[in-house]
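Shown next, in structure tokens, is the structure this report addresses.
Keep in mind the model is a prediction, meaning the values are calculated, not measured.
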Amino acid sequence: MDQIAGIDRALDEMLVQLGGMVLKLSSPEVTRTADERRALACSVNQYSLCAARSADPRVHQLRAELEETIKPHLRLVASR
């Protein structure tokens, strides 16, 4: 059982590191093109799938932050 718990902790650490990398890539200065945004959305979706089974709150916090980065930004348009 200790071995399984150790593997679980190691996976959580990897997910935290991976989430941090994807979060850096989510910056508008890095992902400028539509293709890059699509690739980011795929990465965030894959991360979310992996994070869903984690019990580590850091992983879930990163998941929430990453999912926010791919939501479309709404712009207020005023008509004259």
Side-chain angles (χ1 to χ4, degrees):
M1 266 324 211
D2 290 336
Q3 203 172 27
I4 293 173
I7 292 170
D8 192 45
R9 283 191 301 276
L11 288 172
D12 285 337
E13 286 302 321
M14 289 176 59
L15 282 170
V16 168
Q17 290 177 17
L18 178 62
M21 287 185 258
V22 176
L23 195 57
K24 287 179 185 177
L25 293 173
S26 71
S27 168
E29 293 84 34
V30 177
T31 54
R32 295 181 183 143
T33 67
D35 285 340
E36 290 169 341
R37 296 294 298 168
R38 279 192 292 278
L40 174 66
C42 287
S43 294
V44 170
N45 289 332
Q46 286 295 320
Y47 183 84
S48 294
L49 289 173
C50 294
R53 299 197 187 260
S54 174
D56 191 322
R58 300 172 300 163
V59 172
H60 291 284
Q61 177 62 36
L62 279 165
R63 177 185 180 188
E65 288 178 40
L66 287 168
E67 287 174 347
E68 281 296 315
T69 66
I70 61 171
K71 286 185 178 176
H73 298 286
L74 302 176
R75 290 187 276 186
L76 182 62
V77 178
S79 61
R80 294 181 193 198

Those residues that, when tested against Ser48, pass side chain to side chain donor-acceptor pair (under 3.5 Å) (two or more places apart):
Glu67
Audit row: Gln17, Met14, side chain to side chain contact (heavy atoms under 4.5 Å, CB included) steps and yes/no
CA-CA 5 Å; Gln17 290 177 17; Met14 289 176 59; 5.6 Å; no
In short, salt bridge (Lys or Arg N to Asp or Glu O under 4.0 Å) pairs touching residues 44-56 with sequence neighbours left out are Asp56-Arg58
Residue pairs fulfilling side-chain hydrogen bond (donor to acceptor under 3.5 Å, both in side chains) with at least one residue in residues 1-12, sequence neighbours excluded:
Asp12-Ser54
Could you pull out all residues at least two apart from Lys71 that satisfy salt bridge (Lys or Arg N to Asp or Glu O under 4.0 Å)?
Glu68
Going hydrophobic residue to hydrophobic residue with side-chain gaps under 4.5 angstrom, can you get from Val16 over to Leu23?
yes
For Glu29, which residues count as a salt bridge (Lys or Arg N to Asp or Glu O under 4.0 Å) partner, sequence neighbours excluded?
none
Report yes if the side chains of Met21 and Lys24 come closer than 4.5 Å at any heavy-atom pair, otherwise no.
no
Please identify each residue that fulfils side chain to side chain donor-acceptor pair (under 3.5 Å) with Glu65, with sequence neighbours left out.
Gln61
For Asp35, the side chain to side chain donor-acceptor pair (under 3.5 Å) test, sequence neighbours excluded, returns Arg38
Show which side-chain atoms of residues 40-47 pair as donor or acceptor with protein atoms under 3.5 Å away, not counting sequence neighbours.
from  : atom 1 : to    : atom 2 : distance (Å)
Ser43 : OG     : Ala39 : O      : 3.2
Asn45 : ND2    : Ala41 : O      : 3.2
Tyr47 : OH     : Leu15 : O      : 3.0

Residues at least two apart in sequence or cross-chain that pass side chain to side chain donor-acceptor pair (under 3.5 Å) with Ser26, listed by chain then number, are none
Transitively linked via ILVMFWY side-chain contacts under 4.5 Å: Leu18 with Ile70?
yes
How close do Val59 and Ala51 get, heavy atom to heavy atom, and via which atoms?
CG1-CB, 3.3 Å
Listed partners of Glu36 passing side-chain contact (heavy atoms from CB on, under 4.5 Å), at least two apart
Thr31, Arg32, Thr33
Thr69 side-chain N/O to Leu66 backbone N/O, donor-acceptor pair under 3.5 Å:
yes
